[in-house]
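Reading through the structure tokens given below for one structure.
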Amino acid sequence: MMTIHEFQEKLLSEAVNANFKEAEIFYKKTESFQCMIFEGEIDTYETSEEGGLGFRGLYNGKMGYAYTEKIEEASIPFLIESAIANADVLDEDDGSDIFEGNDSYNGHGFYSEELANVPTSEKIELIKSIEKKVLAYDPRIVTVNYCVLQEFNEDRIMANNKGLSLNERKNGILIFVSAVVKEGDEMKTGMVFEMTRDYKSLDADRIAEEVAEEALSNLGEKSIPTKKYPVIMRHDAAASLLATFTAIFSAENTQKDQSLLKGKVGTEIASSVFTLIDDPFHPESIMGSNFDGEGVATKKQTIVSNGKLQTLLHNRKTAKKDGVETTGHAHKKSYKGTLSVAPINLYIAPGAKSKQELVESVEEGVLITDLAGLHSGASTISGDFSVAATGFYIKDGKVASPVKQMTIAGNYYDYMKNIVETASDLEFAPGGYGSPSLLVKELSVTVD
């Protein structure tokens, strides 16, 4: 069996012999484990391993691609022949080339040996303990309908015939717990997720209390008039809306006329309190990387500064087209994938006030805690959204009651301009999107 390093050296050497002017390998391997608990027992237990190697090479001026799951000698001629055949069917040279690498890379660590060394049995006991504590918290909690612990380990290697050789390891743990509560005829749910590399930070009592209180807070719902309200988007709801509309900041999309931010760099696109940052090294997220999908060194960057669009997200191809430098946002979803553009840890910068202070500043409004149907109810091209929402009525600066099923509607471009205040409670969602709670001037709220 060849090691990955022996394989990559031989493949790159053979590619040059086969008249590839430039050649690159991208290797990715992910191991994960997931355990679901129901009524104190293991309901499902899954382990998975996925990985392979993508090969990219410049042949007769065209970029050919191929990939394999088999890291063995026989795969080398297969990859070379497949990439040649792939390059031959391309109509024209699209201007792609292989990157020789930066002078230096951050070298930030994304792997916790301590987490990796915690026995699986201990992690299972933790998730069982959380379920038990949620059920014991209050008699109105009737069941824990979702109680899952996931852990992942990922290895990534990039190398090319121009001297680039990069590798990276990352790991993390995620916990998702949802409880069902019942009072009279009313049934409600509440869900909490936690993600970290720091296993010691996972406190079963704290997580159980959060889940229970989140579910219980949704009892006693009332109807409110349908109209436009000032809205506080809680950090998690604001992060999920940002994740849905991230595509508008991609240069790939502006170049395809699929974003209204085309030609807007250097102009005001949001309110002065709105600052958007991409930080590949943010300690609160379990995402992160020292290099992008082309081997470009990543760095912390401000995308929108106090309302002004500073830059779009670029890979080398989009940057060349716009006559700018790449921002290091080339994205390769897997070893099979071609290059696209995506952020790493994109978040709205926090402000100084607490979420509670934002609530106290609202005479009448709505606090949104969860959004559903974002993929079907949002258009990244127009910016329009109309989505189901869960939340609370605010009256005289206090959270008065949960609101019956709502739909909130607006336009994301207007929404960015209408952000009045950002709170201090920045948190990240599992996909690498973060936000504090946001006070928005107004959104249309329709109550069923």
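In what follows, every heavy atom counts, from backbone to side chain, and hydrogens, waters and symmetry copies are set aside. Start at 1 with the first residue, then count along the sequence.
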Point to revise | side-chain contact (heavy atoms from CB on, under 4.5 Å) partner of Val447, chosen from Thr226, Val366, Thr407 | key: Thr226

Point to revise | Side-chain donor-acceptor contact under 3.5 Å, His329 with Asp278 | key: yes

Review point. What do you reckon, are the aromatic ring centroids of Phe33 and Tyr45 less than 6.0 Å apart?
Key: yes

Check your understanding: Is the NZ or CZ atom of Arg56 both under 6.0 Å from the centre of the six-membered ring of Tyr67 and within 45° of that ring's axis?
Key -> no

Review point. Would you call Lys29 and Asp155 a salt bridge, using N to O less than 4.0 angstrom?
Key: no

Review point. What about the rings of Tyr433 and Phe428, do their centers lie closer together than 6.0 Å?
Key: no

Review point. So among Leu371, Thr369, Leu367, Val403, which one has a side-chain contact (heavy atoms from CB on, under 4.5 Å) with Thr390?
Key: Thr369

Review point. Salt bridge or not for Lys132 and Glu125, using N-O below 4.0 Å?
Key: no

**Study point:** N-O pairing of Asp198 and Lys200 below 4.0 Å
**Key:** no

Practice item. Check the pair Leu312, Thr254 against side-chain contact (heavy atoms from CB on, under 4.5 Å), reporting the backbone distance first and the verdict last. Key: CA-CA 9 Å; Leu312 294 165; Thr254 60; 3.6 Å; yes

Review point. Does the ring centre of Phe245 sit less than 6.0 Å away from the ring centre of Tyr412?
Key: yes

Review point. Any chance NZ of Lys222 has more than 12 other-residue heavy atoms, nucleotides or ligands included, within less than 6.0 Å?
Key: no

Check your understanding: So does Lys353 pair up with Glu421, basic N to acidic O under 4.0 Å?
Key -> yes

Point to revise | Distance-only donor-acceptor check, side chains Asp384 and Ser379, under 3.5 Å | key: no

Review point. Can you tell me if Asn315 and Thr326 form a side-chain donor-acceptor pair at under 3.5 Å?
Key: no

Practice item. Would you name the heavy atoms of Lys332 and Lys28 that are closest together and state the gap between them? Key: O-NZ, 4.3 Å

**Study point:** Centroid separation His5 to Phe7 less than 6.0 Å
**Key:** no

Check your understanding: Between Gln150 and Gln34, does any side-chain donor sit less than 3.5 Å from a side-chain acceptor?
Key -> yes

Review point. Got more than 12 heavy atoms from elsewhere within 6.0 Å of NZ, Lys308?
Key: no

Check your understanding: Can the positive tip of Lys170 be found less than 6.0 Å from the middle of the six-membered ring of Tyr111, inside 45° of the ring normal?
Key -> no

Check your understanding: Take atom CD in Glu72; do more than 12 heavy atoms of anything else shown fall under 6.0 Å from it?
Key -> yes

Point to revise | Note: Glu294-Lys317 ion pair, threshold 4.0 Å (strictly below) | key: no

Review point. What heavy-atom pair brings Leu339 and Ala330 nearest, and what distance separates the two atoms?
Key: CD2-CB, 4.0 Å

Check your understanding: Any Lys/Arg nitrogen of Lys398 or Glu363 sitting under 4.0 Å from an Asp/Glu carboxylate oxygen of the other?
Key -> no

Point to revise | Tyr347 and Glu284 side chains, donor-acceptor separation under 3.5 Å | key: no

Point to revise | Electrostatic pair Glu210:Arg206 at N-O distance under 4.0 angstrom | key: yes

Check your understanding: Within a strict 4.5 Å, meaning less than it, do heavy atoms of the Glu31 and Ser48 side chains meet?
Key -> no

**Study point:** Polar contact flag, side-chain donor to acceptor under 3.5 angstrom, Glu168-Ser289
**Key:** yes

Exercise for review: Ignoring hydrogens and angles, state whether a donor on the side chain of Asn145 or Ser178 is under 3.5 Å from an acceptor on the partner side chain.
Suggested key: yes

